[in-house]
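Input: a single structure, listed below in structure tokens.
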Amino acid sequence: MNTFEDRERAFEAKFAHDAALQFKVEARRNKMLGRWAAELLGKTGESADKYVADVIREDFREPGDEDVYEKIAQDLGDRSDEETIRGKMREFFQSAKQEVLEAE
């Protein structure tokens with residue numbers, strides 16, 4: 001095997017690893033966001049768990065974060081505003097990223 005093929009395989013492996021990490025971070029962020037929103041909605045126990053699962057599933061509807069944001073914003077209504085929701089999304093993303101990297 002030549003050096004070029006080695007580099008290509010290494011690049012492909014890194015790309016796959018980075019994509020998997022990104023997926024894990026976003027899923028964890030969505031779980032945290034779902035828990036936060038469930039609490040604001042007064043959901044507990046099984047109802048909160050179902051809501052969190054719905055938020056996580058929502059992220060598969062379309063690429064990007066807008067589908068998750070729209071669900072949370074619609075569900076919360078006047079309980080929260082755009083700035084707060086997007087701020088929580090950023091905050092939870094950073095927390096989730098740190099947790100995932102520490103678990104690596």
Side-chain angles (χ1 to χ4, degrees):
M1 192 173 310
N2 66 34
T3 304
F4 179 75
E5 289 171 340
D6 290 343
R7 289 181 65 198
E8 184 177 20
R9 284 201 174 102
F11 179 77
E12 289 171 355
K14 181 180 180 345
F15 181 82
H17 180 260
D18 290 350
L21 279 179
Q22 183 73 15
F23 177 81
K24 288 177 185 178
V25 169
E26 288 176 2
R28 191 170 297 212
R29 186 256 342 249
N30 292 340
K31 183 177 182 179
M32 292 173 176
L33 187 65
R35 288 266 174 233
W36 171 76
E39 186 177 314
L40 289 178
L41 293 168
K43 296 180 182 288
T44 59
E46 204 171 299
S47 176
D49 292 342
K50 182 183 179 315
Y51 184 77
V52 169
D54 289 345
V55 171
I56 292 169
R57 241 185 330 275
E58 190 69 22
D59 198 24
F60 297 111
R61 197 165 52 100
E62 62 186 49
D65 295 333
E66 284 306 301
D67 47 355
V68 174
Y69 166 76
E70 289 170 7
K71 174 172 183 41
I72 297 292
Q74 182 178 12
D75 292 349
L76 291 179
D78 63 355
R79 291 180 182 97
S80 190
D81 60 14
E82 180 176 0
E83 183 179 337
T84 302
I85 295 168
R86 292 195 187 276
K88 286 294 184 182
M89 290 176 79
R90 286 187 299 274
E91 174 188 333
F92 293 143
F93 184 86
Q94 291 304 318
S95 296
K97 184 176 180 179
Q98 184 175 357
E99 288 178 12
V100 168
L101 291 175
E102 287 173 0
E104 254 308 274

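Keep in mind the model is a prediction, meaning the values are calculated, not measured.
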Derivation and outcome, side-chain contact (heavy atoms from CB on, under 4.5 Å), residues His17 and Glu104:
CA-CA 11 Å; His17 180 260; Glu104 254 308 274; 2.7 Å; yes

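- Taking all atoms of both residues into account, the shortest heavy-atom contact from Lys31 to Val52 is CG-CG1, 3.7 Å.
- For the atom pair CH2 (Trp36) and CE (Met32), the distance works out to 14.0 Å, reported to the nearest 0.5 Å.
- Salt bridge present: Arg86 and Glu66 bring a charged side-chain N and a carboxylate O closer than 4.0 Å.
- Atom CD of Glu39 is surrounded by 12 or fewer heavy atoms from other residues, nucleotides or ligands within 6.0 Å.
- Among Arg29, Lys24, Arg28, the single residue meeting the salt bridge (charged side-chain N to carboxylate O under 4.0 Å, His left out) criterion with Glu99 is Arg28.
- Evaluated for a side-chain contact (heavy atoms from CB on, under 4.5 Å) with Tyr51, the options Arg35, Lys43, Glu46 yield exactly one hit, Lys43.
- To the nearest 0.5 Å, the span separating CG on Leu41 from OG on Ser80 amounts to 10.0 Å.
- A distance of 10.0 Å separates CG of Asp59 from CZ of Arg61, quoted to the nearest 0.5 Å.
- With respect to the salt-bridge test (charged N to carboxylate O, under 4.0 angstrom), the residues Lys50 and Asp54 qualify.
- Here the closest non-hydrogen pair linking Leu76 and Leu40 is CD2-CB, 3.9 Å.
- In this structure, Tyr69 is a member of the same hydrophobic cluster as Phe92, with clusters built from ILVMFWY side-chain heavy atoms closer than 4.5 Å.
- When all heavy atoms of Leu33 and Ile85 are compared, the closest pair comes out as CD1-O, 4.5 Å.
- Looking at heavy atoms from C-beta onward, Glu26 lies out of side-chain contact with Val68 at the 4.5 angstrom threshold.
- Residue Met89 holds its CE atom at 13.0 Å from CD of Gln94, rounded to the nearest 0.5 Å.
- Taken to the nearest 0.5 Å, the CG atom of Asn30 stands 8.0 Å off from the CG atom of Asp67.
- Counted within 6.0 Å of CD on Gln74, heavy atoms from surrounding residues, nucleotides or ligands total 12 or fewer; the atom is thus considered open.
- Residues Leu101 and Val25 are not in side-chain contact: their nearest non-hydrogen atoms beyond the backbone lie 4.5 Å or more apart.
- Distance check: Lys14 NZ to Leu21 CG gives 9.0 Å after rounding to the nearest 0.5 Å.
- Salt bridge present: Lys88 and Glu91 bring a charged side-chain N and a carboxylate O closer than 4.0 Å.
- Side-chain N/O atoms of Glu102 and Gln98 include a donor and acceptor closer than 3.5 Å.
- At a threshold of 4.0 Å, the pair Arg9-Glu12 does not count as salt-bridged, since none of the basic side-chain nitrogens sits closer than that to a carboxylate oxygen.
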